[in-house]
Amino acid sequence: EFLRRSGELPAPAVEGLTLAFPDDEAANELDYTRAVSEHLGVPIREVTPTLVPISWYQERAQADLEFPGYPNGAMSIGLRQEARKGGAKAIVSGVGGDEWLGDFSSLRAYYAEELQLRRLRSWFRLLRTDLAEIGGTQTMRCLLRAVVLARLPAGARRAISRSWSRLNKRDAAPFELLSADLRRLLDERRASEVGPGPRGRRMQQTARLMTLVDPYSAWAVESEERMAARAGLELRHPLRDAALVQFAFSLPARFIVRGRTNKYMHRRAMVDILPRRVLERHTKAEFSVVMRHQLADAAPVLARVAGGSSPWIDVGQLEHLYRRYAEGLPIGRDVCTGTAQWLLSGFIGCDALISLGR
């Protein structure tokens, strides 16, 4: 308060910006945004999302000499430009919220933890909450994974995981899209990996440890920071602060998730700060709309690849995938076209990068 009154506060004002998707229910968060603005008395500007053409990905690949990204990253270009026009020098992201404060692995490790610590009353309270809020089938599945499967030897767990993936065709669709030569190369690289991946002391820590060393996570953060820099902004990630990450790793699972409430402790900490409408939200924005826009212009790229030979893609599988997407048909056991959107968007970015060598 003293720094503010004396005019020495490094950040004398905070302004909010949000992307406005009033015509798409899945992506629209304006009701929540406006609730926060009214509750805090802080203005939040609503910015139209940026929808870039296919040529943008080719230009970015040429400029950066790496994968140019996905539409749900490019959609914030205009938002950052608006922030800079308003005089902002830095912009704050929420990256790290899911990774450290949320149970994105869907593994309710507290069933095993509470039993190990002999906290039976707590165990039954958590069980009753889950049964009431997520149902018996999902609760029993979580119990099986956390208490039974987790105690099996590592080799048995990997075998079960592979069998489950094959049954649900989760790994087949992206892998089959690649050419036979590239699939063989990837198999060889996987076979040459030395030692198991990182493993935490607590069950939910393993997924978080993987996030720390995951190449995609590193690329995603660097890509966002690069786009912010192009707008003249410094992108800051307070939820990736080392102390917060260490704190999250030390948290028992019962403080992360329970029932339908993810980020449980984070929500409790914000009770006096955020409106109830936001604190009790159980949904998450979904940005398929920007992918649909990108893929509407993808036909020339797909036609060019389909008309020739490719060393890295199976042309027949690509045509099959795009046809199923265009007809609104699921991939494997997916109930929507989301898998196809991600695969086709990834193909466009990879093709833009590979095209530089042609």
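We number each residue from 1, following the sequence as shown.
- Summarising the geometry of Leu51 relative to Val290, their closest heavy-atom pair is CD2-CG1, 3.7 Å, with the distance given to 0.1 Å.
- Across all non-hydrogen atoms, the minimal contact from Ala248 to Trp100 is CB-O, 3.2 Å.
- The two residues Leu295 and Gln341 have their closest heavy-atom pair at CD1-CA, 4.0 Å.
- A single hydrophobic cluster is seen to contain both Leu235 and Leu19, as judged by linkage of ILVMFWY side chains at heavy-atom distances under 4.5 Å, directly or through other members.
- The main-chain N or O of Leu178 is found under 3.5 Å from a side-chain atom of Arg183 such that the two form a donor-acceptor pair.
- A donor atom on one side chain and an acceptor atom on the other are found under 3.5 Å apart for Ser345 and Gln294.
- When side chains are defined from C-beta on, Glu224 counts as touching Arg80, because their heavy atoms get closer than 4.5 Å.
- With contacts defined as side-chain heavy-atom distances shorter than 4.5 Å, the pair Asp24/Arg292 qualifies.
- Between Phe347 and Trp312, the gap from one ring centroid to the other is short of 6.0 Å.
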Verdict with reasoning, Val278 to Arg267, per side-chain contact (heavy atoms from CB on, under 4.5 Å): CA-CA 9 Å; Val278 174; Arg267 293 175 192 256; over 6 Å; no

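- Between Glu114 and Arg121, none of the side-chain N atoms (NZ, or NE/NH1/NH2) sits under 4.0 Å from a carboxylate O, so this pair counts as no salt bridge.
- For Glu234, the CD atom sits in a packed shell: over 12 heavy atoms of surrounding residues, nucleotides or ligands are nearer than 6.0 Å.
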Does the side-chain contact (heavy atoms from CB on, under 4.5 Å) test come out yes or no for Glu15 and Glu82, once each step is laid out? CA-CA 11 Å; Glu15 183 183 17; Glu82 285 296 314; over 6 Å; no

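- A salt bridge does not link Arg236 to Asp241: none of the charged side-chain nitrogens sits closer than 4.0 Å to a carboxylate oxygen.
- Salt bridge annotation for Asp130-Arg125: absent, with no cationic side-chain nitrogen under 4.0 angstrom from a carboxylate oxygen.
- Between Ala20 and Glu46, the shortest heavy-atom distance links the atoms CB-CB, 4.1 Å.
- In the hydrophobic cluster analysis, where Ile, Leu, Val, Met, Phe, Trp and Tyr join through side-chain heavy atoms closer than 4.5 angstrom, Leu344 is grouped together with Val315.
- Scanning for side chain to side chain donor-acceptor pair (under 3.5 Å) contacts around Thr261 gives an empty result, with sequence neighbours left out.
- Between Tyr264 and Asn262, every side-chain heavy-atom pair lies at or beyond the 4.5 Å cut-off.
- Electrostatic pairing of Arg184 and Asp181 counts as a salt bridge here, judged by a charged N lying under 4.0 Å from a carboxylate O.
- A 4.5 Å side-chain heavy-atom check between Arg119 and Arg254 finds at least one atom pair inside the cut-off.
- Within the 4.5 Å cutoff, the side chain of Pro275 has no heavy atoms near those of the Leu279 side chain.
- A heavy-atom distance below 4.5 Å is not found between the side chains of Lys263 and Ile256.
- When hydrophobic clusters are built by joining Ile, Leu, Val, Met, Phe, Trp and Tyr residues whose side-chain heavy atoms come closer than 4.5 Å, directly or via intermediates, Leu79 is grouped together with Met75.
- Residues Asp314 and Leu177 form no side-chain contact, since every pair of their non-hydrogen atoms from C-beta on lies 4.5 Å or further apart.
- A side-chain hydrogen bond (donor to acceptor under 3.5 Å, both in side chains) check over residues 84-94, counting only residues at least two apart or in different chains, returns the pairs Ser93-His237.
- Closest of all the heavy-atom pairs between Ala340 and Leu321 is CB-CD1, 3.9 Å.
- Other residues, nucleotides and ligands contribute over 12 non-hydrogen atoms within 6.0 Å of the CZ atom of Arg230.
- No cation-pi contact links Arg258 to Tyr110, judged by a cut-off of 6.0 Å to the six-membered ring centre and 45° from its axis.
- Listed for the Ser250 side chain is a donor-acceptor partner under 3.5 Å among the backbone atoms of Phe247.
- At a threshold of 4.5 Å between non-hydrogen side-chain atoms, the residues Leu131 and Thr129 do not count as touching.
- In plain terms, the two heavy atoms of Ala112 and Ala146 that are nearest each other are CB-O, 3.4 Å.
- Remark: Arg268 CZ is loosely packed, at most 12 non-hydrogen atoms of other residues, nucleotides or ligands lying under 6.0 Å away.
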